[in-house]
Every structure is written in C-alpha cells, then in structure tokens.
Amino acid sequence: MNYTTNKEKLGKLGEELVASILGGSLSENKYDMVKDMTALGKNIEVKTQNRHPNGSFTVNAQHQTNLKKCLSVDRLIFVEYDATSDIKIFECTDRENYNMVSTRPTSYEPQGRVMVCWPISKMTHLRTVNNPVLAQQMRELSGSKLYNANSNY
C-alpha cells in the first residue's frame, strides 16, 4: 500500500508497532471501514497521536466514518509519542465515556474543530516502548504544533 501523507505514515508506524506487540495482522486496505488490524480474533483500531492538553486522546467529530470505527471496533488503542524516547500504548476500554471540545478558530479552520475526547486517566496503559529512533520518526511526521514548525494547526 502506498502511504503518501505524513499523517498516513505516522498512523502506519503506530499500527505496525501495535501489530508487532499483539501479533496482529494489518488490514490490506488502508481505507478499511471496520478496522486497522485483527489480533486474537478481535478487530482493532489504532490511533497514533500526542495527548491533547486536557489529558485526552481525540478524534475529529466531523470525520463520521472514523468516529464510527472507533466506537464499534472490539479494541481501540492509542499510541502516544511525545518529546521523549518513550512511546506509550493505551487501550480505551470505556468508549462511551467521552466529552467534546471545540478547538480555537484558525485561518486554516475558521470554525475550529469539534473533537471527541477520551480521558487517558480512564484508559488501560498496555505498554511503554523505549525506542529513540521510532519516537523521533513519529515527531518528524507529526502535524502537531508541538513538533512541527510547518503545522497547519
């Protein structure tokens, strides 16, 4: 499969990491509407991101297909990168417990964004992987204003 955008490449890194840990089989369709992978007979969706300042992981509420996937898979897993060499993996076990936030308007998104937020404090920490090379790759692909001076956000 051809992953062309930085966002797609970042997501693929997280999916590959989780697949290697869980012994999962990645979906052969990058636009799979059900899951990113299957492991131990369960459909799994993986999101790779850094945490929102409010202590949650988020999904854009306007991306209805993506949100539906997060709410309907057997397991929802978040891969977190930050300024360290540690990559943390969390499972969202209570997907009905979320809140909504709106981001500030920007020239790129004049209306801001409505985000679905799952609190990390209510997730299960599955593993921390210390991998300086992978963590750096994730930061370089990031669209986050924390790591990318060219970010639109």
Side-chain angles (χ1 to χ4, degrees), residues 1 3-22 24 26-27 30-37 39 43-104 106 108-109 112-153:
M1 282 182 274
Y3 292 85
T4 55
T5 69
N6 283 354
K7 186 175 183 177
E8 288 175 339
K9 291 173 186 174
L10 175 61
K12 184 71 169 167
L13 289 177
E15 291 166 14
E16 289 172 343
L17 177 62
V18 171
S20 71
I21 291 168
L22 298 180
L26 292 171
S27 176
K30 78 174 181 177
Y31 301 111
D32 190 319
M33 304 300 265
V34 176
K35 67 195 176 312
D36 288 328
M37 75 180 68
N43 289 333
I44 301 170
E45 180 69 10
V46 178
K47 297 293 174 200
T48 304
Q49 57 187 247
N50 52 309
R51 67 181 60 200
H52 188 277
N54 71 9
S56 64
F57 292 124
T58 64
V59 172
N60 189 330
Q62 292 176 299
H63 298 160
Q64 286 296 309
T65 304
N66 195 10
L67 179 56
K68 181 181 175 192
K69 214 163 60 156
C70 290
L71 292 170
S72 63
V73 290
D74 298 314
R75 298 180 75 183
L76 175 60
I77 295 179
F78 289 92
V79 176
E80 178 185 30
Y81 61 94
D82 58 20
T84 72
S85 297
D86 288 339
I87 299 164
K88 297 180 186 94
I89 302 170
F90 296 89
E91 182 169 2
C92 182
T93 52
D94 183 6
R95 283 175 267 156
E96 299 304 316
N97 183 11
Y98 62 83
N99 60 0
M100 310 283 275
V101 298
S102 295
T103 64
R104 289 178 303 220
T106 65
Y108 178 69
E109 290 181 307
R113 283 191 214 166
V114 177
M115 305 297 288
V116 174
C117 303
W118 288 280
I120 297 169
S121 62
K122 297 188 178 178
M123 293 187 187
T124 301
H125 177 245
L126 299 178
R127 183 173 296 189
T128 297
V129 176
N130 183 276
N131 186 325
V133 173
L134 183 57
Q136 181 60 32
Q137 286 176 313
M138 289 179 169
R139 285 189 294 274
E140 288 172 1
L141 292 170
S142 179
S144 169
K145 63 184 176 184
L146 295 174
Y147 306 112
N148 184 339
N150 299 317
S151 171
N152 290 320
Y153 308 115

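The structure presented is a predicted model; accordingly, all values stated were derived computationally and were not measured.
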_By side chain to side chain contact (heavy atoms under 4.5 Å, CB included) - contacts of Glu80 (at least two apart)_ = Arg51, Phe57, Lys88, Phe90

*Side-chain contact test, heavy atoms from C-beta onward, threshold under 4.5 Å: evaluate it for Ser27 versus Asp36 and give yes or no.*
no

*Answer yes or no: is there a side-chain heavy-atom contact under 4.5 Å between Met115 and His52?*
no

_When you measure from the side chain of Ser72 to the backbone of Lys68, do you find a donor-acceptor pair of N or O atoms at a distance under 3.5 Å?_
yes

*Kindly compute the distance separating CZ (Arg95) from NZ (Lys122), expressed to the nearest 0.5 Å.*
15.5 Å

*Exercise: identify the closest heavy-atom pair between Ser142 and Asn50*: OG-OD1, 4.5 Å

*side chain to side chain donor-acceptor pair (under 3.5 Å) partners of Gln62, counting only residues at least two apart*: none

*asked:* Nearest 0.5 Å, please: how far is CH2 in Trp118 from CG in Leu71?
replied: 5.0 Å

*Taking ring pair (Phe, Tyr, Trp, His ring centres under 6.0 Å) as the test, write out the residues that go with His63, two or more places apart.*
none

Side-chain donor-acceptor pairs under 3.5 Å in residues 125-134, sequence neighbours left out?
unit_1: His125; atom_1: NE2; unit_2: Arg127; atom_2: O; d: 3.2
unit_1: His125; atom_1: NE2; unit_2: Thr128; atom_2: OG1; d: 2.8
unit_1: Asn130; atom_1: ND2; unit_2: Asp86; atom_2: OD1; d: 2.8
unit_1: Asn131; atom_1: OD1; unit_2: Val133; atom_2: N; d: 3.3
unit_1: Asn131; atom_1: OD1; unit_2: Leu134; atom_2: N; d: 2.9

*asked:* Using every non-hydrogen atom in the two residues, find where Val34 and Lys69 come nearest and quote the distance to one decimal.
replied: O-CG, 3.3 Å

*Closest heavy-atom pair and its distance - Gln137, Leu13*: CB-CD1, 4.0 Å

*asked:* In the structure I gave you, are the side-chain heavy atoms of Tyr81 and Val79 within less than 4.5 Å of one another anywhere?
replied: no

_Among residues at least two apart in sequence or on other chains, which ones pass side chain to side chain donor-acceptor pair (under 3.5 Å) with Lys47?_
Glu45, Asn66

*asked:* For Thr58, is there any backbone N or O sitting under 3.5 Å from a side-chain donor or acceptor partner on Ser56?
replied: no

*Nearest 0.5 Å, what's the CE-OG1 distance between Met138 and Thr48?*
5.0 Å

*When rounded to the nearest 0.5 angstrom, what distance separates OG1 in Thr5 from CG in Leu141?*
9.0 Å

*Output, in order, the C-alpha distance, side-chain angles, deciding distance and verdict of side-chain contact (heavy atoms from CB on, under 4.5 Å) for Thr106 and Glu109.*
CA-CA 5 Å; Thr106 65; Glu109 290 181 307; 3.8 Å; yes

*Are Val18 and Glu15 close enough that some pair of their side-chain heavy atoms sits under 4.5 Å apart?*
no

_Nearest atoms (heavy-atom pairs only) where Asn54 meets Cys117_ = ND2-SG, 3.9 Å

*asked:* As an exercise, state the distance from CG of Leu17 to CG of Leu22, rounded to the nearest 0.5 Å.
replied: 9.0 Å

*Interatomic spacing from CD1 in Ile21 to CD1 in Ile77 - rounded to 0.5 Å*: 9.0 Å

Check residues 96-104 and write down every donor-acceptor pair under 3.5 Å in which the side-chain atom is one partner and the other belongs to a residue at least two apart or another chain.
unit_1: Thr103; atom_1: OG1; unit_2: Arg113; atom_2: N; d: 2.6

_Pairwise side-chain contact, Asp74 with Lys35, heavy-atom cut-off 4.5 Å (strictly under)_ = no

